[in-house]
Amino acid sequence: MEEKYSPKDIEQKWQMSWEKEKTFKAIVNNDKKKYYLLEMFPYPSGRIHMGHVRNYSIGDVIGRFKRMRGFNVLHPMGWDAFGMPAENAAIQNKSHPATWTYENIDYMRKQLKKMGLSYDWERELATCDLDYYRWEQQIFLEMYAKGLAYKKTSFVNWCPKCETVLANEQVEDGGCWRCDSEVNLKELDQWFFKITDYAEDLLENTYNLPGWPERVLVMQRNWIGKSFGCEIDFPIENTIESIRVFTTRQDTVFGATFMSLAPEHPMAMNITTTDRMADVSAFIEKIKKTDRIKRTAEDFEKEGVFTGSYCINPLTKARMPIFLANFVLMDYGTGAVMAVPTHDQRDFEFAKKYDLPLKVVIKPADVDLDPATIDQAFTDSGIMVNSGQFDGMQSDSAKEAIADFLQAEGHGAKTVNFRLRDWGISRQRYWGNPIPVIYCDSCGVVPVPEKDLPVVLPKDVAFTGEGGSPLALMESFVNCTCPVCGKAARRETDTMDTFVQSSWYFLRYCCPDFQDGILDREQVDHWMSVDQYIGGIEHAVLHLLYARFFTKVLRDLGHTNADEPFINLLTQGMVIKDGSKMSKSKGNVVDPDALITRYGADTARLFSLFAAPPEKDLDWNDQGVDGSFRFLNRIWKIVHENLDAIKAASPVNIASLTTEERNLRRAVHKTIRKVTEDVEERFHFNTAIASVMELLNTLQASSCDSAAVMKEALESVVQLMAPFVPHITEELWQRMGNCVPLSDTSWPEYDRNAVIDEEVLVVVQVNGKLRSKVTVAVDTGEEELKALAMADEKVLLFTEGKTVRKIIYVPGKLINIVVG
RNA sequence: GCCCGAAUGGUGGAAUUGGUAGACACAAGGGACUUAAAAUCCCUCGGCUUAACAGCUGUGCCGGUUCGACUCCGGCUUCGGGCACCA
């Protein structure tokens, strides 16, 4: 009586074995090529979800495959453990964020272990561990010393529900990325990281990351938003001051007829004349009250107010009235725009509304433009007109010429401008990494000296859920002495954005226990960069940009020599059920625990890998899971049916194989080749698994009774499936009589001789349409094959009475007879 | 508006360099085994025509290149994603 496939027992057995044998412990070994594999670490929200199952299954296939291919694999796991849900849960349950977080971690670690993932658990870290965040405080201090961390007062995005600040990257469609509440503007004194210093490096290197999906790189380039243009000074009439604008369209400067300033522009009030003061103040007040989202919507009505002052167009010497305009943004360029109503749609609408002059300076090649009759701005390139010595030039080349001219005349300079803003990292929350800074009335901002680190997040805090950060209310934390003068001082109570922790965890994984500094250079130099990073596309800009920035900062601070954190990036699709993303509110959530209890981890892994290639969305289908379970049972059964034969079998004797045996071996070795290519080069696990299914079908249909060939075939099936379903294959491998665990064996190599076809199927077309198929010996000559095809009776039906014009021959594939 | 991506049976998907469209699986239908059910196994399975052999047609739509197009080119449609009063 044959034993039934019982995932529960064998999965536990092998998980314990791997743990005991430290199978996946990563140690520096210069005899092997290193391979650093990483999946985005999870937020410990309570339980893992299907997205995790998929993400980590994909990673595990790659990890186990690379290991069997002879790489020294580093595959760590940890927890992105600071963040608001912990704090909210604490308020609700009257528990402590740390308790909540560590309990969740314990539970989720068990869940992940039940999946049989090949992690080196000894490197596990949680970002809320003092041993982790203390080094991050040190990074902060080193950045502060270099001017890469600085404080400034500015208008920041404020989420009223989370009661904290958000970075630009964390505002999506005007809402908070986490809770969706409408974000408004608040003027606050905040800490920033100077990511703009790295804008050029970050942009430039997007062209140096061939292993990243193009769309992610495009998104990052858009976000960085580099544009080439000019800064031009427009002297203010009757003063010695001038207004500096940034423009990418210096070719239209002869058409600039007025000036638009952002309402927040520092010169706004200074240049306003007494008679215009009332109107201008009213306008500025109104804009302050309008929220930013509405204000920056494209269909928002363009509005402005005249300041009473004029500036002078440096090239035409024309008097240009200076307006404040609601669509001009203070935080892009210089906060001032030279208005060219004829060649910019916004300026056009503004000019029409306030009856301002229009002057055409670029026209299409074939027609003239009349400012009196045009109904929209002409924004294309064209021929220069009304532009002095530049008339007749192509506007594209005039851009260069005018820039040079402005520069030579001292009116301006060529410049580049970035859309990227500095990263605001202050968060008015408790459950985060304290910013290690002290405020002293005498000495000002004083960084906490290195010897006083870490600034420990105090545990005994009251969570009321009201009045902002609990840290600010805690006198024992706030009150301190100034490290410089020794007088009483106050501690910074803001904590760092949680994206800071995820910006360098992959570096710390290289040396999680290092106690003498931020990073152990030797370890980091050995393992970095991450060879393969895997995670969701939703971090295309946020996390993936911050992590690149941090890597470059840490490089410049001398902690790593890596320029880029992630060589290859795989962005996996979402897990969908019944047409939409799994969510509690839609009631379409599949619980990984229930799935694993019912079918085992191998089935859960197999289905999530088989149903779609990694980068596509995966449509969850309960019946499909049954199918995967069925397939594992078939493997289980066929191996057991052949167990005695396998154990008794001698090695394959290639010289004495029958045709049937050679055919079966060919199928086996072609499958080895196919699976190897699909996994190694394309990460197309679905087709790799399909080809093993095909082989199993062939095997079951075969009448081959050679124990040697059967053994080779079944051992191959088991080895090829090992990265996908590690438990069942490990068990079968052992039952087949192998002493070395499957995870310690080498990946099978296909036999180049075995895959050579003896016969080929050649498709015969007439005028490109399939008419017949012939199977011929592989060495059949071209002429012989053509004759055979021509004589084929199905072919004759379509060629009879017609002239053969030509015959296309693709060796081993097809013959196309062209008749007419 | 700009930039990316996608569209293939009832469903998920395959076709890797321009060479048999629909691999593999799910669902469905039929059959075997069983007292019965489950499990398992076998057969059918894009559409139309046909008793059958077979033929025609078919990869979002319209054209083009080619002996040959899911694949390349031009033009559209729909859906998804990103950016957007960015000067």
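If you're wondering where the values come from, they're calculated on a predicted model, not measured in any experiment. Just so we're on the same page: letters track the sequence lines, and every chain starts at 1.
Among the atoms of the strands shown, only primed sugar atoms or phosphate atoms (P, OP1, OP2) are found under 4.0 Å from some heavy atom of A:V818. Within 4.0 Å (heavy atoms only), A:N417 reaches no atom of the nucleic acid at all. Nucleic acid contact for A:I537: none, since no nucleic acid atom lies under 4.0 Å from a heavy atom of the residue. Backbone-only engagement by A:K769 is indicated by non-hydrogen atom pairs under 4.0 Å involving sugar-phosphate atoms exclusively.
For A:R244, the CZ atom sits in a loose shell: 12 or fewer heavy atoms of surrounding residues, nucleotides or ligands are nearer than 6.0 Å. The neighbour count for A:R598 CZ, taken as heavy atoms of other residues, nucleotides or ligands under 6.0 Å away, does not exceed 12.
By the rule that a glycosidic angle within 90° of 0 means syn, B:G55 does not qualify and counts as anti.
Under a 4.0 Å N-O distance rule, the pair A:K674/A:D678 qualifies as a salt bridge. Between A:D757 and A:K670 there is a salt bridge, with a side-chain nitrogen of the basic residue lying less than 4.0 Å from a carboxylate oxygen of the acidic one. In summary, A:K353 and A:E349 do not engage in a salt bridge, as defined by a charged side-chain N under 4.0 Å from a carboxylate O. Ion pairing between A:K414 and A:E400 holds under the 4.0 Å rule for side-chain N and carboxylate O.
Listed nucleotides B:A14, B:C85, B:C56 differ in distance to A:P613; the shortest reach to its side chain belongs to B:A14. Considering only the side chain of A:L770, B:U20 comes nearest among B:G82, B:C86, B:U20. Distances from the side chain of A:R215 to the nucleotides B:C4, B:U16, B:A87 place B:C4 closest. If you check B:C56, B:A87, B:C3 against the side chain of A:F798, the one that comes closest is B:C56. With distances taken from any side-chain atom of A:V810 to the nucleotides B:G19, B:A15, B:G13, the minimum falls on B:G19. For A:K637, taking side-chain heavy atoms from C-beta onward, the closest of the listed nucleotides B:U40, B:G82, B:U16 is B:U40. Closest to the side chain of A:V763, from the set B:G13, B:A87, B:U20, is B:U20. For A:L761, the side-chain atoms get nearest to B:U20 when compared with the rest of B:G55, B:G19, B:U20. Of all nucleotides listed (B:U16, B:C85, B:A87), B:U16 comes nearest to the side chain of A:R682.
At least one cation-pi condition fails for A:R346 and A:F327: the charged atom is not both under 6.0 angstrom from the six-membered ring centre and inside a 45 degree cone around its axis.
At a cut-off of 3.5 angstrom, counting only N and O atoms as typed in the model, there is no donor on one side facing an acceptor on the other between the side-chain of A:N222 and the base of B:C83. With hydrogens and angles left out, the side chain of A:K806 and the base of B:C67 share no donor-acceptor pair within 3.5 Å. For a distance-only test at 3.5 Å, the side chain of A:K674 qualifies as a donor-acceptor partner of the base of B:U16.
For A:M574 and B:G12, the CE to C1' distance is 16 Å, given to the nearest whole Å. Rounded to an integer number of Å, the gap from A:N633 CG to B:A39 C1' is 10 Å. If you take OH of A:Y332 and C1' of B:A84, they are 11 Å apart, rounded to a whole angstrom.
In RNA chain B, the stems built from three or more successive Watson-Crick or G-U pairs (distances below 3.5 Å) are B:1-7 with B:77-83, B:10-12 with B:24-26, B:28-32 with B:40-44, B:46-49 with B:54-57, B:60-64 with B:72-76.
Contact check, A:R771 against B:C56: a side-chain N or O comes under 4.0 Å of OP1 or OP2. A:R346 has a side-chain polar atom (N or O) that falls below the 4.0 Å cut-off from OP1 or OP2 of B:C86.
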**OP:** Treat primed atoms plus P, OP1 and OP2 as sugar-phosphate and everything else as base, then score nucleotides 22-31 of chain B 5' to 3': B for base contact with protein heavy atoms under 4.0 Å, S for sugar-phosphate contact only, - for none.
**Re:** -BBSSS----
**OP:** Determine, for nucleotides 43-48 of chain B in 5'-to-3' order, which nucleotides have protein heavy atoms under 4.0 Å from the base (write B), from only the sugar-phosphate (write S), or from neither (write -).
**Re:** ------
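Using a 30° and 60° split on the angle between ring planes, A:Y332 and A:F246 fall in the perpendicular class, above 60°.
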